[in-house]
Amino acid sequence: MNDHKHKSDKPEAATEAPVSLDFIRAIITEDITNNKNGGRVHTRFPPEPNGYLHIGHAKSICLNFGLARQYGGLCNLRFDDTNPTKEESHYVESIQKDVRWLGFDWEDRLFYASDYYDQLHEFALKLIRDGKAYVDDLSADEIREYRGTLTEPGTPSPYRDRPVEENLDLFGRMRAGEFPDGSRVLRAKIDMASGNVNLRDPVLYRILRATHHRTGDKWCIYPMYDWAHGQSDSIEGITHSICTLEFEDHRPLYDWFIEQLGIHHPQQIEFAPLNLSYTVLSKRKLLQLVKEKHIGGWDDPRMPTISGLRRRGYTPSAIRNFCDRIGVAKRDSTVDVALLEHCLREDLNKSSARVMGVLRPLKVVIDNYPKGQVEELEAVNNPEDPSAGIRKVPFSRELFIEREDFMEDPPKKFYRLSPGREVRLRYAYFITCTDVIKNADGEIVELHCTYDPATRGGDSPDGRKVKATMHWVSAAHAREVEVRLYDYLFTKEDPLAVADGENWLDNLNPGSLEVVAGCRVEPALAVAKAGDRFQFERLGYFCVDPDSTPGKLVFNRTVTLRDTWAKIQQKQ
RNA sequence: UGGGGCGUCGUCAAGCGGUAAGACACAAGCCUUUGGAGCUUGCAUUCCCAGGUUCGAAUCCUGGCGCCCCAGCCA
């Protein structure tokens, strides 16, 4: 293409998308141009089934499946199940559910590293025959000592130069179960002096009498991840093995294996894993939170797990959108959790039905409203989506409003209800506060107001304005529900940054969950089902929790609405 | 002189020798029957630092500095 010839061609230049590719897409685009792998793009998402997926995995899932979709390729789901002591089929089920929920499909390409145990065993035999692997009798501690340090080379094991026949015999007997757990390992014979510790004769197989979630007791030796991972990718014909940064120095090892074996060579590309402010994303730590019961479980709505986010009320598209927006690069980074929340609100704003709910009810009596009268007022279901239609909301003489929407002695910028002030009740009437009733302790227990019948629906014929519009609920018609309010699980932007003598659990936010009982919602919500999402006007987005029973609904607050008033208050 | 990576706005992130995109956050204003949503505007004279090459450098070279990862028979 001659750029100069097209420079004057403005219309075309203008319509051309100024696509900037992230470094991975740049590599893949280049590979396709060069017809590498015949132009094929085949990725995979390779979780270990030892825990639940979290938002960091979502980044990888969106990347791998997204790449396949974008380039007309395929993406496999493969469980890297090489450690039976930590893996459970319970986890493989949750992982599949989560990937599907996120909107991705591996079709018929569901694999397990354990599918390849026989092949991997053959590969090991080849290495031994080629004099590239040996059985080592050193103990785990000895192996560590012989490995050297980061600055000093390692020392060869005294068993390093065993003859091939002896290695073959010993490895066969390892597999046959003749030796106790941990007594011997199979090691690759590479370079004990390498500056890259991964190349100092890494362990390929260990003896482990543990029942595997899929292969049962067929094996008593199990491949190490490093020995299984690259070859699994190779076997599946993966073209681009995308993984996180910490595997960068494993790449020379994987390349060595592939080369010794003479098999298909996937290209490994490493990217920076996701970090999120106010959030912990380490499987080990998440497991600890669950095991020590600091939260309710893997799907606790405060957890950054996919199942937690789902229960909290997140949508798959909000998460996907977030993953698109954070980009992919190699530098360490921590994404502001506010971006995740922004993506969430953006999605929920468009799709959620509006509804009125009062978290902390304050009774209001409309003195001049006829006793016993009930009006069905029209309310818009979603101003962002006219097709969502309208609904009827009952109005009567006794109502509940939000406690914090009334102040007896309001500060300057508070323009909600206060004595003598007129406000609008959304879709209903203008009301004016005439009296404040208190109990013996001086707490406000009830308000008396008058309404202007001419303002039915919320507009005044005389054109007079009102500063505030408030949500409300008819006392006699409202349903009582429980609402769970969530805040960040950690009080620190970086939960792992701790002072001496403290640990990260000290940063747990004691106020991350607030259960509010006695909330009232409009009657239309009575039929809501677990998982249904709503916007409670002026408050936020809420989602019906599976803990709900037919008699009592439980709502999770997914995220608040942006709250300008709260900001003003903070400044004051 | 152990090896491997990375350093562009408060946070992500484009940029690939031609004179700093975009998003979030933040700020101001408009609009509003959600103090919601939406809209407008502002927000890096400068790219970790120092030299050098060049008419011209965030981009090239040299030397520093800083941060992250690696010494599981975990993944």
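Side chains are part of it too, since the values below use all heavy atoms of this structure and drop only hydrogens, waters and symmetry mates. Order of the sequence lines fixes the chain letters, A, B, ..., with proteins taken first and strands second; residue numbering starts at 1 for each chain. As the structure is a prediction and not an experimental result, all values here were calculated from the model.
One interatomic measurement links the two molecules: CG of A:Asp385 to P of B:G36, which rounds to 21 Å at whole-angstrom precision. Whole-Å rounding puts the A:Arg25 CZ to B:G15 P distance at 13 Å. Protein atom CG of A:Asp494 is 13 Å distant from nucleotide atom P of B:U11, rounded to whole Å. Going from atom CG of A:Asn275 over to atom C1' of B:C12 covers 12 Å, rounded to whole Å. What separates CG of A:Asp563 from P of B:C26 is a distance of 12 Å, to the nearest Å. Regarding A:Leu253, its CG atom lies at a distance of 14 Å from the C1' atom of B:G4, rounded to whole Å. Atom CZ in A:Phe45 sits roughly 16 Å away from atom P in B:A75 (whole-Å rounding).
Among the protein residues, A:Gln535 comes within range of the nucleic acid bases, having at least one heavy atom under 4.0 Å from a base atom. In this structure, A:Ala140 reaches the bases: a heavy-atom distance under 4.0 Å links it to at least one base atom across the strands shown. As judged by a 4.0 angstrom heavy-atom cut-off over every strand, A:Lys413 is placed among the base-contacting residues. Counting any heavy atom pair closer than 4.0 Å across all strands shown, A:Val355 reaches no nucleic acid atom. Nucleic acid contact for A:Ser194: none, since no nucleic acid atom lies under 4.0 Å from a heavy atom of the residue. Within the 4.0 angstrom heavy-atom criterion, base atoms lie near A:Asp459. If you check every strand for non-hydrogen atoms under 4.0 Å, A:Val203 touches sugar and phosphate atoms only. In this structure, A:Arg354 reaches the bases: a heavy-atom distance under 4.0 Å links it to at least one base atom across the strands shown. Contacts of A:Ile568 with the nucleic acid, taken as non-hydrogen atoms under 4.0 Å apart, include base atoms. Among the protein residues, A:Arg325 comes within range of the sugar-phosphate backbone only, with heavy atoms under 4.0 Å from sugar or phosphate atoms but none that close to a base. As judged by a 4.0 angstrom heavy-atom cut-off over every strand, A:Pro47 is placed among residues making no nucleic acid contact. Among the atoms of the strands shown, base atoms are found under 4.0 Å from some heavy atom of A:Ile143. Residue-level contact check: A:Leu204 touches neither bases nor backbone, having no heavy atom under 4.0 Å from any strand. Nucleic acid contact for A:Tyr429: none, since no nucleic acid atom lies under 4.0 Å from a heavy atom of the residue.
Rounded to the nearest Å, the gap between the P atom of B:G42 and that of B:A58 is 24 Å. Here the separation of B:C16 from B:C73, taken at their C1' atoms, is 45 Å to the nearest Å. Between B:U62 and B:A71, the two P atoms lie 31 Å apart (nearest whole Å). Here the separation of B:G3 from B:C24, taken at their P atoms, is 43 Å to the nearest Å. Taking the P atom of each, B:U59 and B:U46 are spaced 15 Å apart, rounded to whole Å.
With sequence neighbours excluded, the residues satisfying ring pair (Phe, Tyr, Trp, His ring centres under 6.0 Å) with A:Phe247 are A:Tyr225, A:His250. With sequence neighbours excluded, no residue forms a side-chain hydrogen bond (donor to acceptor under 3.5 Å, both in side chains) with A:Ser418. Under the rule for a side-chain hydrogen bond (donor to acceptor under 3.5 Å, both in side chains), the partners of A:Glu152 that lie at least two apart in sequence or sit in another chain are A:Thr149. Residues that satisfy the side-chain hydrogen bond (donor to acceptor under 3.5 Å, both in side chains) test with A:Tyr541, not counting sequence neighbours, are A:Gln535. Under the rule for a side-chain hydrogen bond (donor to acceptor under 3.5 Å, both in side chains), A:Thr564 has no partner lying at least two apart in sequence or in another chain.
Minimum atom distance to the side chain of A:Arg426 is reached by B:U34, of the listed B:G35, B:A75, B:U34. Between B:G35, B:G5, B:A75, one nucleotide has an atom nearer to the side chain of A:Thr82 than all others, and that is B:A75. Here the nucleotide nearest the side chain of A:Ala338, chosen from B:A13, B:C24, B:G35, is B:C24. Of the candidates B:A14, B:A75, B:G35, the closest approach to any side-chain atom of A:Tyr415 belongs to B:G35. With B:A75, B:G36, B:C12 as the candidates, the nucleotide lying closest to the side chain of A:Pro383 is B:G36.
Pairs engaging residues 269-283 of chain A under the salt bridge (charged side-chain N to carboxylate O under 4.0 Å, His left out) rule: A:Arg251-A:Glu270, A:Glu270-A:Lys330 [sequence neighbours left out]. Under the salt bridge (charged side-chain N to carboxylate O under 4.0 Å, His left out) criterion, the residue pairs touching residues 334-353 of chain A are A:Arg325-A:Glu346, with sequence neighbours excluded.
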Practice item. For A:Tyr52 and A:His90, run ring-ring contact (aromatic ring centres under 6.0 Å, His included): C-alpha distance rounded to whole Å, both residues' side-chain angles, the deciding distance at 0.1 Å, then the answer. Key: CA-CA 10 Å; A:Tyr52 277 59; A:His90 162 242; 5.6 Å; yes
Check your understanding: So A:Phe536 and A:Phe542, ring-ring contact (aromatic ring centres under 6.0 Å, His included) or not? Walk me through it.
Key -> CA-CA 7 Å; A:Phe536 286 7; A:Phe542 294 78; 4.1 Å; yes
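At B:G36, one or more side-chain N or O atoms of A:Thr564 fall inside 4.0 Å of OP1 or OP2 (strictly under the cut-off).
Relative to the six-membered ring of A:Trp565, A:Lys413 misses at least one condition, a distance below 6.0 Å or an angle of at most 45° to the axis.
For B:G72, the base adopts the syn conformation, since its glycosidic angle falls within 90 degrees of zero.
Side-chain polar atoms of A:Ser139 and A:Asp141 form no donor-acceptor pair below 3.5 angstrom. A donor atom on one side chain and an acceptor atom on the other are found under 3.5 Å apart for A:Asn76 and A:Glu236.
For the pair A:Asp336 and A:Asp141, both in contact range of RNA chain B, the more 5′-proximal nearest nucleotide belongs to A:Asp336. Position along RNA chain B of the nearest nucleotide to A:Thr455 versus A:Leu208 favours A:Thr455 as the more 5'-ward residue.
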Kindly give the atom pairs (protein nitrogen or oxygen, nucleotide nitrogen or oxygen) under 3.5 Å for nucleotides 38-40 of chain B.
none

Check your understanding: How does protein contact run along nucleotides 67-72 of chain B, one letter per nucleotide 5' to 3', with B for base contact, S for sugar-phosphate only, - for none, heavy atoms under 4.0 Å?
Key -> -SBBBS
